[in-house]
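Heads up: the structure comes next, in structure tokens.
Just so you know, ligand 1 is whichever comes first in the structure, and atom 1 is the first atom listed for that ligand.
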Amino acid sequence: MIPDDEFIKNPSVPGPTAMEVRCLIMCLAEPGKNDVAVDVGCGTGGVTLELAGRVRRVYAIDRNPEAILTTEMNLQRHGLGDNVTLMEGDAPEALCKIPDIDIAVVGGSGGELQEILRIIKDKLKPGGRIIVTAILLETKFEAMECLRDLGFDVNITELNIARGRALDRGTMMVSRNPVALIYTGVSHENKD
Ligand SMILES: C[S@@+](CC[C@H](N)C(=O)[O-])C[C@H]1O[C@@H](n2cnc3c(N)ncnc32)[C@H](O)[C@@H]1O
């Protein structure tokens with residue numbers, strides 16, 4: 001895992017997703033060397049970089065040009081990027097241009113989550129994994145409901161991370177905001 005402070009940051013771009021959250025995303029995504037992945041809302045590139053080191057190809061989508069630039073700079077900084085296709089634009093249109101995928105991570109949806117998940121389902125290979133990260137209650141609920149409506153078994157895990165900060169008299173644990181991961185099991189349609 002790449003530590004958070006090893007990413008180049010841009011004040012107009014969110015991210016990177018905290019290392020502990022990226023860690024669980026990678027566990028749930030189960031990336032394989034031949035997999036094709038998409039990172040919807042790549043932001044600073046936290047998830048894109050982790051995927052780039054583990055799969056055959058990553059499509060990194062963001063509608064903020066600064067996010068695409070920041071992700072590109074981070075890929076270069078870490079010697080990654082040969083297998084990453086950066087796509088500036090709105091997720092639904094960009095998703096329609098990519099081939100079928102094994103892994104989809106949705107880190108930003110901007111009010112288009114239902115459409116994004118519907119397209120991802122159409123592109124998802126059998127056995128594929130979908131992981132949505134959400135900080136808003138409404139997004140957590142919407143993601144669960146939408147994935148269920150699309151026929152998936154849905155799971156949610158919320159991470160409450162506290163990191164130690166050194167003080168003169170000891171280590172204080174500093175909490176970060178909770179982040180939920182909403183992720184799929186096997187689609188009902190793919191079950192025997
Ligand atoms: C919280 S950030 C993701 C952070 C990222 N996972 C990282 O580690 O750096 C969410 C991103 O999603 C992008 N985004 C939101 N809605 C989008 C949409 N409909 N299409 C494309 N990008 C979108 C935003 O521009 C933002 O950069």
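For E66, the side-chain contact (heavy atoms from CB on, under 4.5 Å) partners at least two apart in sequence or on another chain are N10, S12, V13, N64. For F7, the ring pair (Phe, Tyr, Trp, His ring centres under 6.0 Å) partners two or more places apart in sequence, or in a different chain, are H78. Shown here are the side-chain contact (heavy atoms from CB on, under 4.5 Å) partners of M1, two or more places apart in sequence or in another chain: M19, R22, C23, M26, E50, R54.
By the 4.0 Å N-to-carboxylate-O rule, D100 lies too far from K125 to be salt-bridged with it. Using a 4.0 Å cut-off between charged nitrogen and carboxylate oxygen, R63 and D90 count as a salt-bridge pair.
A heavy-atom cutoff of 4.0 Å around ligand 1 is satisfied by the protein residues P14, G15, P16, T17, G41, C42, G43, T44, G45, G46, V47, D62, R63, N64, G89, D90, A91, G107, G108, S109, G110, E112.
Considering V58, D39, L80, T44 in turn, L80 is the only one that fulfils the side chain to side chain contact (heavy atoms under 4.5 Å, CB included) rule with L49.
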